Participant: 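Have a look at this one.
The structure presented is a predicted model; accordingly, all values stated were derived computationally and were not measured. Side-chain atoms are counted along with the backbone in the values below, which use heavy atoms only and exclude waters and symmetry mates. So you know, we letter chains A, B, ... as the sequences are listed, proteins then strands, and number each from 1.
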Amino acid sequence: MRKRFYLTTAIDYVNGEPHLGHAYEKIVADVIARARRSLGEEVFFLTGLDEHGQKVQQAALDNGKKPQAYCDELAAVWKAFAKKLNLSNDDFVRTSEPRHQTVVQAILSKLNAAGHFYKAQYRGFYSPKEETFLTEKDRRPDGSFDSSYGQVVELVEDNYYFHLREHQQWLIEHIESHPKIDPQGREFIEPIYRRNEVLAFLKNKALEDLCISRPLARLNWGVPLPFDEQFVTYVWFDALVNYISVPAAQGDPAVLAALKSESRKPKADIELWPADVHVIGKDILKFHAVYWPITLRAIGLPLPKQILVHGWWQKDGQKMSKSTGNVVDPLAVIDEWGVDAFRYYAVRELDIGPDGNWTDAGFAARYKAELADGIGNLLNRSLKMLQSYRAGVVPPRHDELAPQADQVVNDTIAHLRGNQLQAALQRIGTLVTRGNQYVEQSVPFKLAKDPSKAARLDQVLYNLTETCRILAVLLWPFIPTAAEKIYAQLGLDVSPDKMSEAVWGRLNVGHTIGEPAPLFPRKDQPSK
RNA sequence: GCCAGAGUAGCUCAGGGGUAGAGCAGAGGACUCAUAAGCCUUUGGUCGGGGGUUCAAAUCCCUCCUCUGGCACCA
């Protein structure tokens with residue numbers, strides 16, 4: 001029994017269509033999850049849905065449905081989306097689930113009993129569309145509000161607030177004192193410029209207390225406050241708790257102890273909290289880097305080890321927007337190109353952190369150059385030669401390319417441990433290039449014409465075949481089904497899902513490979 | 001407005017006082033095992049403008065311009 005590598009994605013707001021941004025974040029998390037499993041760690045990968053709130057309530061009403069029934073329908077869509085992306089998540093949380101809500105209420109009770117909340121009257125402007133309170137600062141000189149807020153109403157109402165100010169100093173210190181949490185030098189908040197933003201935010205002004213309730217009269221689709229039935233919980237407070245409500249439901253001893261839960265029995269074999277990585281978008285950094293750590297501290301739980309912040313995608317250099325039709329539909333791309341190509345491009349094109357730019361031409365170019373003509377062609381030419389010249393039977397081991405393969409394996413593992421997924425793919429790409437160069441230099445097709453060169457041909461064919469096998473193991477976290485196809489073509493009936501197999505020489509003499517077939521079929525674009 | 005960061009080859013970016021780099025795109029070549037794939041060679045740049053420090057500046061300083069991000073919301 002040992003602690004699992006626990007990683008999460010943001011939970012998506014159910015009331016919308018899955019788009020490229022959602023897909024990207026989930027793929028990044030999935031690659032990390034698969035990489036860690038491949039490296040031999042026990043992993044728990046969580047994703048899910050945020051279902052409460054005004055907009056969902058309103059949308060359900062507009063559709064003539066009860067919120068729960070409405071969410072059930074949409075949840076099916078989102079779960080199918082996760083499957084389509086080939087996510088390897090271990091659980092899928094929905095905030096409307098009882099297992100989640102009981103934890104939210106237990107936390108609210110605990111924090112309230114400990115005096116973290118107070119009730120106060122709020123008077124001011126509110127945007128139902130954005131579910132947010134507005135201040136005088138949000139007002140334009142003429143007194144109006146930006147149209148993005150929709151209809152703005154003036155409210156006078158009581159609400160519960162979470163004392164934050166007393167937490168400001170220790171949080172600053174925590175962020176500053178946790179710059180390096182492992183040998184790769186990962187920050188508590190990464191990339192470092194996001195960390196600096198949070199520090200600047202915390203240092204520049206006093207935190208305003210967080211409003212954690214909404215009056216039942218205005219919103220009933222939420223988790224009721226256990227100590228005041230006239231209110232439900234603010235959606236953000238509700239949503240963040242998913243990161244520990246699922247561990248609680250799974251029986252994580254640390255979380256259950258903090259909640260003093262008597263209804264659930266700890267399971268000794270499930271140690272999840274603290275999370276190793278929260279993968280989030282830059283838009284929700286403040287919730288994860290400020291409100292969430294403070295909430296955890298108040299509950300008495302340790303903080304997550306890392307918040308990994310990714311950027312946003314543009315399409316053709318422009319912000320994606322439904323109204324202009326300037327969007328990338330992940331499902332359409334996957335249907336046309338396959339899920340592996342989609343996963344590959346997303347991770348290869350955009351490093352975790354900066355914003356990226358999706359272009360269809362760029363996608364097609366990478367598919368052709370790196371997948372079809374790169375790894376795909378190397379595999380195909382290697383196996384076809386082994387099939388033609390040696391009837392598909394692996395010759396005796398030979399280690400000509402072993403040193404370079406070992407280096408690529410070592411570097412790739414280091415990159416994966418540091419969540420440097422783009423760098424890992426780039427490094428793997430150098431082994432593909434090396435394989436193709438090796439074919440040109442060793443000219444096996446010429447050796448095959450000269451019977452006196454048979455021994456040399458054996459050597460070359462072994463090096464090529466073994467390189468392909470190593471590549472399958474390295475690529476598995478990124479493009480699992482393609483990696484498995486490589487193994488199948490090599491005649492190996494297991495999955496290349498263990499990095500410990502990325503060791504030169506595991507392919508045995510006398511083994512017979514399977515049938516070669518184009519891994520990423522070339523797509524000749526109709527010339528327009 | 002304020003605070004960061006960035007402006008280097010057609011594109012994406014690395015370099016960070018001492019002869020300008022990579023990948024892709026473009027051009028040329030030899031080959032033929034392969035998904036007409038791959039490999040080799042190669043053309044591109046007064047390193048945003050101006051001023052300064054220095055024997056020497058893409059690199060340090062000043063100034064201006066432009067872009068991006070954060071300061072208020074959103075995967």
Participant: Using the side-chain heavy atoms of A:His310, tell me which of these nucleotides is nearest: B:rC74, B:rC71, B:rA75.
Facilitator: B:rA75
Participant: Please encode protein proximity along nucleotides 7-12 of chain B as a string of B, S and -, counting only heavy-atom distances under 4.0 Å.
Facilitator: ------
Participant: For the residue pair A:Asp316 and A:Gln314, confirm or rule out a side-chain donor-acceptor distance under 3.5 Å.
Facilitator: no
Participant: Rounding to an integer number of angstrom, what distance separates B:rG16 and B:rA20 when you compare their C1' atoms?
Facilitator: 13 Å
Participant: With side chains defined as the heavy atoms from C-beta onward, is the minimum distance between A:Val328 and A:Val333 less than 4.5 Å?
Facilitator: yes
Participant: Can you tell me how far P of B:rU35 sits from CG of A:Asn377, to the nearest Å?
Facilitator: 8 Å
Participant: Should A:Trp78 be listed as having a side-chain N or O under 4.0 Å from OP1 or OP2 of B:rA75?
Facilitator: no
Participant: Tell me: CD of A:Gln314 to C1' of B:rC67, nearest whole Å?
Facilitator: 12 Å
Participant: Determine the contact category for A:Tyr389: base if any of its heavy atoms lies under 4.0 Å from a base atom, sugar-phosphate if only primed atoms, P, OP1 or OP2 are that close, otherwise nothing.
Facilitator: sugar-phosphate
Participant: Testing A:Lys446, A:Met385, A:Lys449, A:Arg390 one by one against A:Leu457 for a side chain to side chain contact (heavy atoms under 4.5 Å, CB included), which residue passes?
Facilitator: A:Arg390
Participant: Could you work out which one of B:rC31, B:rG69, B:rC33 sits closest to the side chain of A:Lys446?
Facilitator: B:rC31
Participant: Measuring only the P atom in each nucleotide, how far is B:rC3 from B:rG51? A whole number of Å is fine.
Facilitator: 27 Å
Participant: Considering every strand and a 4.0 Å limit on heavy-atom distances, what is the contact class for A:Arg366: base, sugar-phosphate, or nothing?
Facilitator: nothing
Participant: Atom CG of A:Leu378 and atom P of B:rA34: how far apart are they, to the nearest Å?
Facilitator: 14 Å
Participant: Give the nucleotide from the list B:rC33, B:rG69, B:rA37 with an atom nearest to the side chain of A:Arg522.
Facilitator: B:rA37
Participant: Can you check the A:Tyr291 OH to B:rC73 C1' distance for me, whole Å?
Facilitator: 12 Å
Participant: Could you check whether A:Tyr367 gets within reach of a base, just the sugar-phosphate, or nothing at all, counting any heavy atom under 4.0 Å?
Facilitator: nothing
Participant: Is A:Trp312 stacked on the base of B:rA75 when the test is centres under 5.5 angstrom and planes under 30 degrees?
Facilitator: yes
Participant: Could you give the distance separating B:rC47 and B:rC31 at their P atoms, to the nearest angstrom?
Facilitator: 42 Å
Participant: Atom CG of A:Asp355 to atom P of B:rA75: distance rounded to whole Å?
Facilitator: 14 Å
Participant: Using the P atom as the reference point in each nucleotide, state the distance between B:rA37 and B:rG26 in Å, no decimals.
Facilitator: 12 Å
Participant: Any base atoms under 4.0 Å from A:Lys449, or only sugar-phosphate, or nothing? Heavy atoms, all strands.
Facilitator: sugar-phosphate
Participant: Quick test of your reading of the model: are A:Arg348 and A:Glu370 salt-bridged, counting only N-O distances below 4.0 Å?
Facilitator: yes
Participant: B:rC73, OP1 or OP2 - any side-chain N/O from A:Lys286 closer than 4.0 Å?
Facilitator: yes
Participant: Return no unless some side-chain N or O of A:Arg194 is found under 4.0 Å from OP1 or OP2 of B:rG70.
Facilitator: no
Participant: Should A:Leu199 and A:Ile172 count as side-chain neighbours, where that means a heavy-atom distance under 4.5 Å?
Facilitator: yes
Participant: With C1' as the reference atom in both, quote the distance from B:rU19 to B:rU59 in angstrom, rounded to an integer.
Facilitator: 16 Å
Participant: Quick check: do A:Arg397 and A:Glu466 have side-chain heavy atoms less than 4.5 Å from each other?
Facilitator: no
Participant: For A:Ile284, answer base if it contacts any base atom (sugar-phosphate contacts may also be present), sugar-phosphate if it contacts only those atoms, and nothing otherwise; contact means non-hydrogen atoms under 4.0 Å.
Facilitator: sugar-phosphate
Participant: Contact class for A:Pro521 (heavy atom, under 4.0 Å): base, sugar-phosphate, or nothing?
Facilitator: base
Participant: Output all residues satisfying side chain to side chain donor-acceptor pair (under 3.5 Å) with A:Ser442, sequence neighbours left out; order by chain, then residue number.
Facilitator: none
Participant: Which whole number of Å gives the distance between the P atom of B:rA27 and that of B:rU43?
Facilitator: 15 Å
Participant: Taking atom C1' of B:rG38 as reference, at what distance in whole Å does atom CG of A:Leu464 sit?
Facilitator: 12 Å
Participant: Dump the pairs, protein N or O against N or O of nucleotides 39-44 of chain B, anything under 3.5 Å, distances to one decimal.
Facilitator:
{"from": "B:rC40", "atom 1": "OP1", "to": "A:Gln437", "atom 2": "NE2", "distance (Å)": "2.9"}

Participant: Answer yes if the side chains of A:Asn436 and A:Arg381 hold a donor-acceptor pair under 3.5 Å, and no otherwise.
Facilitator: yes
Participant: Would you call the rings of A:Trp358 and A:Tyr345 parallel, tilted or perpendicular, where under 30° means parallel and over 60° means perpendicular?
Facilitator: perpendicular
Participant: Excluding sequence neighbours, so at least two apart, what forms ring pair (Phe, Tyr, Trp, His ring centres under 6.0 Å) with A:Tyr70?
Facilitator: none
Participant: Using atom CG of A:Asp373 as one end and atom P of B:rG23 as the other, report the distance to the nearest whole Å.
Facilitator: 17 Å
Participant: Mind telling me whether A:Tyr291 and A:Phe287 have parallel, tilted or perpendicular rings, with 30° and 60° as the class edges?
Facilitator: perpendicular
Participant: With rounding to the closest Å, how many angstrom separate the P atoms on B:rG21 and B:rA75?
Facilitator: 45 Å
Participant: Measure from CD on A:Glu208 to C1' on B:rC71 and round the result to the nearest Å.
Facilitator: 13 Å
Participant: With ring centroids as reference points, do A:His19 and A:Trp313 lie under 6.0 angstrom apart?
Facilitator: no
Participant: Which of the following nucleotides, B:rA37, B:rC74, B:rG69, is nearest to the side chain of A:Lys368?
Facilitator: B:rA37
Participant: Dot-bracket for RNA chain B, 5' to 3', with Watson-Crick and G-U pairs under 3.5 Å, [ ] for crossing pairs and | for other-strand pairs: what is it?
Facilitator: ((((((((.[[[[.)..(..]]]].((((.........)))).....[[[[[..)....]]]]])))))))....
Participant: Tell me, please, which residues at least two apart from A:Lys203 pass salt bridge (charged side-chain N to carboxylate O under 4.0 Å, His left out).
Facilitator: A:Glu176
Participant: What nucleic acid atoms does A:Ala372 come within less than 4.0 Å of, heavy atoms only: base, sugar-phosphate, or nothing?
Facilitator: base
Participant: Counting C-beta onward and ignoring hydrogens, is there a side-chain heavy-atom pair between A:Leu7 and A:His278 closer than 4.5 Å?
Facilitator: no
Participant: Name the residue closer to the 5' end of RNA chain B, choosing between A:His19 and A:Phe445 according to the nucleotide with the nearest heavy atom.
Facilitator: A:Phe445
Participant: Under the rule syn = chi within 90° of 0, otherwise anti, which is B:rG52?
Facilitator: anti
Participant: How far does the P atom of B:rA34 sit from the matching atom of B:rG29, given to the nearest Å?
Facilitator: 24 Å
Participant: Between A:Tyr344, A:Tyr367, A:Phe342, which is the residue that forms a ring pair (Phe, Tyr, Trp, His ring centres under 6.0 Å) with A:Trp337?
Facilitator: A:Tyr367
